[in-house]
2 protein chains.
Amino acid sequence: MLSNSAKYALKAVLYLSLNSNEEEKLMTKDISEKINVPKSYLAKILQDLSRHGVIASSKGPKGGFYLHDNNKKISLIDIIEVIDGKQRLSSCILGFHECDSENPCVLHDIMGGANNQFVKSLEETTLEDLIADLSEGSSVFPVD
Amino acid sequence: MLSNSAKYALKAVLYLSLNSNEEEKLMTKDISEKINVPKSYLAKILQDLSRHGVIASSKGPKGGFYLHDNNKKISLIDIIEVIDGKQRLSSCILGFHECDSENPCVLHDIMGGANNQFVKSLEETTLEDLIADLSEGSSVFPVD
DNA sequence: TCTTAAATATGATTTAAATCATGTTTTCAA
DNA sequence: TTGAAAACATGATTTAAATCATATTTAAGA
Ligand code: FES
Ligand code: FES
């Protein structure tokens, strides 16, 4: 469904959204230790996200990764698509085409359209929304 | 979510349930062509399923794979677990532990518990149920 | 200006999944 | 009783994802 890389990206961006801003940037090393993802692997992912404008970065001493406020208005699907592309998420669970309620495979009903539903939620949910959930304590941010 | 192998297994067993019985066994080659899965890869999967009693087989000329009636009463999860094991399906989408509504990760709500729901459906749905769906024409059996 | 700390770019290595290949055993039928 | 047709068992190869490593660029600060 989601690649490992995409999961890592979500965790990293979420961590950034909670712990960084223009004045307090974070280095790859710090993030990787906190969210428990191999450092140089995460580096590659962060650079990808940065190149696509999903997160911000600056080089040199005192540099690092951080989020602008408008970065927090981004929806989750945008993070995922940078890493996994558009195809992966919307494909049928039996993998024969795009998941499509008009032309459901034999497992589609069992999924209860969960596939489509999930994608829709990813489109509609922003980082800010998640942050709100977390501060309400209604969910937990996993690091392991 | 599901491995490729598990998808192949589902397709193959479903194909068997529609096209085989004690008198009409099917060879790997025939199945693989019909459901569009590499022959020797599928062979390995079918042998796995057979060894675990999910499907039946007989060797030699006129041999092949087939399903007994009671094989059709098996639930989908049993097919999947032979191939993927028990862990994979029930793990959190962020992959940090078992998906658990009592201890939801930050994406769990967005999933709408779809993870758990899906597993539950797989436990409750038998091959016979799928066959019924297909004959009603309410869903389609994908081969590509 | 020079050193150093950071991201960036690029490519190599490792690992696991998917796929291929081939010899062995069983059983049918002539 | 024997040849061929099938599953069965095992291992090799390929491929893609995950991971590691390292040289380059940029910018802060002494
Ligand atoms: S069409 Fe297969 S899961 Fe939707
Ligand atoms: S706990 Fe993460 S998806 Fe359920």
Side-chain angles (χ1 to χ4, degrees), chain A residues 1-13 16 20 22-33 35-67 80 82-85 87-89 91 95, chain B residues 1-13 16 20 22-33 35-67 80 82-85 87-89 91 95:
Chain A
M1 173 103 72
L2 297 184
S3 73
N4 231 321
S5 301
K7 293 175 188 173
Y8 291 168
L10 282 171
K11 286 192 195 177
V13 175
L16 279 171
S20 82
E22 193 121 10
E23 279 77 42
E24 306 181 68
K25 298 159 189 169
L26 297 174
M27 295 189 294
T28 305
K29 185 166 170 292
D30 297 325
I31 305 173
S32 83
E33 282 169 0
I35 69 175
N36 215 35
V37 170
K39 187 166 90 69
S40 14
Y41 188 22
L42 181 63
K44 197 170 276 190
I45 293 171
L46 290 172
Q47 286 162 30
D48 248 26
L49 294 171
S50 169
R51 192 172 330 115
H52 286 85
V54 172
I55 64 179
S57 70
S58 73
K59 285 181 169 184
K62 297 285 171 186
F65 296 96
Y66 59 102
L67 259 59
I80 293 169
V82 163
I83 307 295
D84 282 351
Q87 186 70 48
R88 181 176 188 135
L89 205 52
S91 67
Chain B
M1 174 102 73
L2 296 184
S3 71
N4 230 320
S5 300
K7 293 175 189 172
Y8 291 169
L10 282 172
K11 286 192 196 176
V13 175
L16 279 171
S20 82
E22 194 121 10
E23 279 76 43
E24 306 181 67
K25 298 161 190 168
L26 297 174
M27 295 188 295
T28 305
K29 182 164 171 295
D30 297 325
I31 305 173
S32 83
E33 281 168 0
I35 69 175
N36 215 36
V37 169
K39 186 166 91 68
S40 15
Y41 188 21
L42 181 64
K44 198 171 276 192
I45 294 171
L46 289 172
Q47 284 161 30
D48 248 26
L49 294 171
S50 169
R51 192 172 331 115
H52 286 86
V54 171
I55 64 178
S57 70
S58 71
K59 286 180 166 185
K62 297 285 170 187
F65 297 95
Y66 60 102
L67 259 57
I80 293 169
V82 163
I83 307 295
D84 281 350
Q87 187 70 49
R88 180 176 189 136
L89 206 53
S91 66

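Atom set for the values below is all heavy atoms of this structure, side chains included, hydrogens, waters and symmetry mates excluded. Throughout, protein chains are lettered first and strands after them, A, B, ... in sequence-line order, and every chain is numbered starting at 1.
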J.: I'd like the 5' and 3' limits of the part of DNA chain D contacted by chain A, with heavy-atom contacts below 4.0 Å.
T.: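 Answer, 5' to 3': D:dA18 to D:dG29.
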J.: Mind calculating the distance between OH (A:Y66) and P (C:dA6) to the nearest angstrom?
T.: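 It is 15 Å, rounded to the nearest whole Å.
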J.: State, yes or no, whether a side-chain contact exists between A:S20 and A:F65 at a heavy-atom distance under 4.5 Å.
T.: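 They are not in side-chain contact.
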J.: How many Å lie between CG on A:D48 and P on C:dA7, as a whole number?
T.: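 Checked: the CG to P distance equals 15 Å.
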J.: As a test of reading the structure: which of C:dA29, C:dT10, C:dA7 is closest to the side chain of B:K62, going by heavy atoms?
T.: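 Nearest to the side-chain atoms of B:K62, counting from C-beta on, is C:dA29.
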J.: Measuring from A:I80:CD1 to A:K7:NZ, what's the distance to the nearest 0.5 Å?
T.: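 Going from the CD1 atom of A:I80 to the NZ atom of A:K7 covers 11.0 Å.
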J.: A:S57 side chain N/O closer than 4.0 Å to the phosphate oxygens (OP1, OP2) of C:dT8?
T.: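 The answer is yes; a side-chain N or O of A:S57 sits under 4.0 Å from OP1 or OP2.
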J.: Heavy atoms under 4.0 Å, any strand shown: does A:I83 hit a base, just sugar-phosphate, or nothing?
T.: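 Here A:I83 touches no strand at all.
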J.: Grab the CD1-C1' distance between A:I45 and C:dA9 for me, whole Å please.
T.: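 Those two atoms, CD1 and C1', are 16 Å apart.
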J.: Are side-chain heavy atoms of B:L89 and B:D84 found at a separation under 4.5 Å?
T.: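 No, too far: nothing below the 4.5 Å cut-off.
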J.: Nearest whole Å is fine: how far is C:dA21 C1' from B:Q47 CD?
T.: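 In whole Å, C:dA21 C1' and B:Q47 CD are 13 Å from each other.
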J.: Going by distance alone, is a donor N or O of one side chain under 3.5 Å from an acceptor N or O of the other, for B:Y66 and B:S58?
T.: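 B:S58 and B:Y66 do not have a side-chain donor-acceptor pair below 3.5 Å.
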J.: Using atom NZ of A:K25 as one end and atom C1' of C:dT8 as the other, report the distance to the nearest whole Å.
T.: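 So the two atoms are 16 Å apart, to the nearest Å.
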J.: Side chain of A:P61, heavy atoms from C-beta onward: which of C:dT25, C:dA21, C:dT4 has the nearest atom to it?
T.: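 Nearest listed nucleotide: C:dT4.
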J.: In whole Å, what is the span from the CG atom of B:L46 to the C1' atom of C:dC20?
T.: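 Interatomic distance, CG of B:L46 to C1' of C:dC20: 16 Å.
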J.: For A:S3 and for B:F65, find the nucleotide of DNA chain D with the closest heavy atom, then tell me which residue's nucleotide is more 5'.
T.: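 First, find each residue's nearest nucleotide; the 5'-ward one identifies B:F65.
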J.: Between atom NZ in A:K44 and atom P in C:dT8, what is the gap in whole Å?
T.: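 To the nearest whole Å, that distance equals 14 Å.
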J.: Which value, rounded to the nearest 0.5 Å, describes the distance between B:L42 atom CG and B:Q47 atom CD?
T.: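 The CD atom of B:Q47 is 9.5 Å from CG of B:L42, to the nearest 0.5 Å.
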J.: Write down the distance between CD (B:E23) and P (C:dC28), rounded to a whole number of angstrom.
T.: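 From B:E23 CD to C:dC28 P: 14 Å.
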J.: Rounded to the nearest 0.5 Å, how far does CD1 of A:I45 lie from OG of A:S40?
T.: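 Here the rounded value is 10.5 Å.
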J.: Phosphate oxygens OP1/OP2 of C:dA9: is one of them under 4.0 Å from a side-chain N or O of A:R51?
T.: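 For A:R51, the contact criterion (side-chain N or O under 4.0 Å from OP1 or OP2 of C:dA9) is met.
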J.: Who pairs with A:K62 by side-chain contact (heavy atoms from CB on, under 4.5 Å), at least two apart in sequence or on another chain?
T.: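 Result, side-chain contact (heavy atoms from CB on, under 4.5 Å) vs A:K62: none returned.
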